[in-house]
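This one's a predicted model, so the numbers in the text were calculated from it and none came from an experiment. Proteins get letters first, then strands, A, B, ... in listed order; numbering begins at 1 in each.
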Amino acid sequence: MNEIAIKTNNLTKVYKNFWGRPRVRALNRLNLEIHRGEIFGLLGPNGSGKTTAVKLLLGLLFPTYGNSRVLGAPAGDVRTYQKIGFLPEESYFYRFLNAEEILDFYGRLFGIPKKERLKKSEELINLTGLADAKKRRLGEYSKGMARRIGLAQALINDPELIFLDEPTSGMDPIGCREIKDIVLDFKRRGKTTLLCSHLLADVEDVCDRVAILHKGNLIKMGAVNDLLTIKDIIQFSIKTPSEEALSRIKTVLNKESEVVEINHPAETMEELFLETIKEADKN
Amino acid sequence: MRIIGIAKYTFKEASRKKIFFVVGLFFLILMVCSQFMEVISPEDRIKLMVRLSIAGMTLFGLISAVFLAATSLPKEVENKQIYTTMTKPLSRWGFLLGKAMGVISVIALLLFIMAGLCMIFAYFVEGSIGLNFFKAVMMLFFKLTLMVFITVMGTTFLSFSVSAILSLFIFFVGHMTELLEDIVKLIALRGEEIPGLWERMVRASIELFARAFPDFRVFSASDFVINQIAIPFLYMRNAFFYALIYILISFAIASLVFKHRQFT
Ligand SMILES: Nc1ncnc2c1ncn2[C@@H]1O[C@H](COP(=O)(O)OP(=O)(O)OP(=O)(O)O)[C@@H](O)[C@H]1O
Ligand SMILES: [Mg+2]
């Protein structure tokens, strides 16, 4: 089995205007390796190139320079779509269909036999909490409901690799939690997730590794734990110290109270993100 | 099959837009009107109905075919549903073919409904419509199918409105090949003399222009219907193959363009 799910090689995208003149360098020489079974977070401020990167990996856009491989095939290979799920940034689906019909439509595109299709869409409608609304037209759906049907659609083929572009936008807290659970369950089953977000809490909770994009450049990448750990400071967590104890602890550490935990203090994802972006802006 | 899936839901969309109802209603009005026009005998009424039906079907069919074909792809791109359909294991040409087939099946049903209405009315007038009517409808169907493919081709690189206008333009120019031939003759100023280089160039380019458009007169059945001459089988067969060739050409161009299309 190939261990690498996604690999990009100097992936670059320059949006051109009608006359072919370069307009925006949305992604600049991105080099990434995402392993199978990993939950990888793509972070970055608005307009940093996250969606562009995902579209390139899915073959919706063609790179200006560089290339990428997804599940062992060049990006955009029709056969690999069989194993991929994709929740785009914005979900619009045929307004005139209801939830059951849209899932049937996508199920057909995957060549799933009818019986299985029915079973699977029933299952996903329940999973995404749309059971009460399954007969209503998608045109009448609220934003969060449309997100949910988008998620259901992305899971219909039980994909090996899933791209989620800001999955929690428009979702209520319960929905956010459900998405995280789905992603974690995915990981347990050895599947890969690429998650784009600027909601740091999402990323912090579930991702194994993250990359931070800024103006199209990759400015930081690493395991979430490593990135958030401040290595040169040690933090003691002490259970209910008395005033007296506290002062003595400052001089002598161990004798007075039970030391529960000694570890490195962690930054929040938010702090890390803001710092990194500020740093990058300075340079 | 996956292509059928696309076709099925394209059909569903059109039917939920109540197109069958709207077109059917218009056609019904036309048929009712034809009952109040003065004629001498029941046979004359049938003839009148047939002529009106063919005219109505051509008009409504053309509008529906161009409108549906012109909206199907641009709508999908605009709605951004294209992001999810294009990342499913279905080739891009398969997607286009499915779209076209969906629209064509709508057109087929529309023609069927209109022909059916005409037959019902004929039943009450107590005359029979005759085979020629159905042959003429068949010819119309070939023509509209070609129009669907031409329009779909346009939408692979043009917006909804531009491709609709382009298709109608092609349709009308395609009916004016005679006019173009006349123009060629008219600008051949020196008549019988050996034409100069300039003239030959103009002639050649106009001819090229005329040839690039399908000659829609190939599908014309109105003369046969008006003069009540049976449409020869050979004529129909030619029309069929003529349509097929242009369909293949326009679909090949469409697939090629669409394959290289990016979805920003
Ligand atoms: N179709 C387009 N034409 C021109 N420029 C574009 C196009 N799409 C995106 N861009 C530009 O490319 C850059 C990256 O955009 P992208 O959508 O990838 O950002 P993002 O990281 O997904 O942002 P967000 O968090 O807002 O979703 C932006 O500067 C944007 O203006
Ligand atoms: Mg984005």
Side-chain angles (χ1 to χ4, degrees), chain A residues 13 15-16 23-24 26 51-52 54-64 70 75-98 101-102 104-112 114 117 137-139 146 149-150 153-154 156-157 159 163 165, chain B residues 1-21 68 71-99 101-103 106 156-159 162 255-264:
Chain A
K13 180 70 191 176
Y15 285 108
K16 305 218 166 91
R23 262 280 152 88
V24 189
T51 301
T52 303
V54 168
K55 284 187 184 169
L56 285 166
L57 291 172
L58 284 165
L60 290 169
L61 293 175
F62 308 134
T64 312
V70 176
D77 188 292
V78 174
R79 275 157 301 172
T80 49
Y81 289 144
Q82 192 76 39
K83 298 179 268 181
I84 288 177
F86 173 39
L87 171 66
E89 191 167 27
E90 293 168 271
S91 338
Y92 293 103
F93 300 101
Y94 293 135
R95 301 174 57 81
F96 57 94
L97 296 181
N98 63 36
E101 288 168 325
I102 197 88
D104 179 71
F105 170 72
Y106 285 114
R108 266 170 182 269
L109 296 188
F110 280 110
I112 303 170
K114 181 156 184 144
R117 219 155 64 208
R137 289 192 181 189
L138 300 185
I149 199 72
Q153 162 277 130
I156 189 117
N157 57 330
F163 292 86
D165 197 350
Chain B
M1 241 176 58
R2 300 167 197 212
I3 296 173
I4 306 287
I6 297 278
K8 180 182 161 186
Y9 281 92
T10 306
F11 181 89
K12 216 167 207 174
E13 173 170 27
S15 61
R16 297 219 171 144
K17 281 182 188 156
K18 305 203 169 55
I19 184 160
F20 299 114
F21 178 75
L68 290 175
T71 45
S72 66
L73 181 61
K75 234 338 196 352
E76 186 127 359
V77 174
E78 197 184 307
N79 285 345
K80 301 186 174 169
Q81 162 130 10
I82 197 83
Y83 295 154
T84 42
T85 35
M86 280 297 104
T87 48
K88 299 290 177 270
L90 170 70
S91 55
R92 290 190 173 188
W93 66 263
F95 174 77
L96 281 185
L97 187 60
K99 282 272 167 201
M101 279 166 57
V103 176
V106 173
T156 55
F157 54 94
L158 298 169
S159 68
V162 180
S255 305
L256 203 68
V257 174
F258 198 55
K259 193 177 172 198
H260 296 285
R261 170 116 181 224
Q262 303 192 59
F263 302 99
T264 58

Within the distance-only criterion (no hydrogens, no angle test), does the side chain of B/Gln81 pair as donor or acceptor with the backbone N or O of A/Tyr94 below 3.5 angstrom? yes
Step by step, work out the side chain to side chain contact (heavy atoms under 4.5 Å, CB included) result for A/Phe110 and B/Leu90. CA-CA 8 Å; A/Phe110 280 110; B/Leu90 170 70; over 6 Å; no
Between B/Ile4 and A/Arg108 the two heavy atoms that sit nearest each other are C-NH1, 4.5 Å
Contacting moiety of A/Leu97, where chain B heavy atoms sit under 4.5 Å: both
Tell me, which pairs form a salt bridge (Lys or Arg N to Asp or Glu O under 4.0 Å) where one or both residues lie in residues 76-93 of chain A, sequence neighbours left out? A/Asp77-A/Arg79, A/Glu90-B/Lys80
Nearest 0.5 Å, please: how far is OG1 in B/Thr87 from CG in A/Leu57? 12.5 Å
Heavy-atom distance under 4.5 Å to chain A: side chain of B/Lys12, backbone, both or neither? both
Atom group of A/Ile102 that falls short of 4.5 Å from chain B, counting heavy atoms: side chain
Contact origin within B/Arg92 toward chain A - heavy atom pairs under 4.5 Å: side chain
Has B/Phe157 got more than 12 heavy atoms of other residues, nucleotides or ligands less than 6.0 Å from its CZ? yes
Within a 6.0 Å radius of atom NZ on B/Lys75, are there more than 12 heavy atoms belonging to other residues, nucleotides or ligands? no
Under 4.5 Å from any heavy atom of chain B - which part of A/Tyr15: side chain
Atom CD in A/Gln82, atom NZ in B/Lys88: separation rounded to 0.5 Å? 10.5 Å
Please tell me if the side chains of A/Glu101 and B/Tyr9 come closer than 4.5 Å, counting only heavy atoms from C-beta onward. yes
Where does the angle between the aromatic ring planes of A/Phe62 and B/His260 fall among parallel (under 30°), tilted (30 to 60°) and perpendicular (over 60°)? perpendicular
With respect to chain B, which residue among A/Asp104, A/Asn157, A/Leu87 yields the maximal number of heavy-atom pairs within a distance under 4.5 Å? A/Asp104
Separation between NZ (A/Lys13) and OG1 (B/Thr264), nearest 0.5 Å, reads 8.5 Å
Reported CD-to-CG distance for the pair B/Gln262 and A/Leu61, which is rounded to 0.5 angstrom: 5.5 Å
Do B/Thr84 and A/Tyr106 have side-chain atoms, one donor and one acceptor, less than 3.5 Å apart? yes
Partners of B/Lys259 by side chain to side chain contact (heavy atoms under 4.5 Å, CB included), sequence neighbours excluded? none
First locate atom CG of A/Leu58, then atom CE of B/Met86, and finally report the distance between them rounded to the nearest 0.5 Å. 12.5 Å
Examine whether an atom of B/Ile3 lies under 4.5 Å from a heavy atom of chain A, and if so say whether it belongs to the side chain, the backbone or both; otherwise answer neither. neither
B/Pro89 and A/Tyr81 have their tightest heavy-atom pair at N-CB, 3.6 Å
Starting at CZ of A/Phe93, measure out to OG1 of B/Thr85 and round the result to the nearest 0.5 Å. 9.5 Å
Test side chain to side chain contact (heavy atoms under 4.5 Å, CB included) on B/Arg16 and A/Arg95; report intermediate values, then the result. CA-CA 10 Å; B/Arg16 297 219 171 144; A/Arg95 301 174 57 81; over 6 Å; no
Just so I understand: if I count every heavy-atom pair under 4.5 Å between each of A/Tyr92, A/Phe105, A/Phe86 and chain B, which residue has the most? A/Phe105
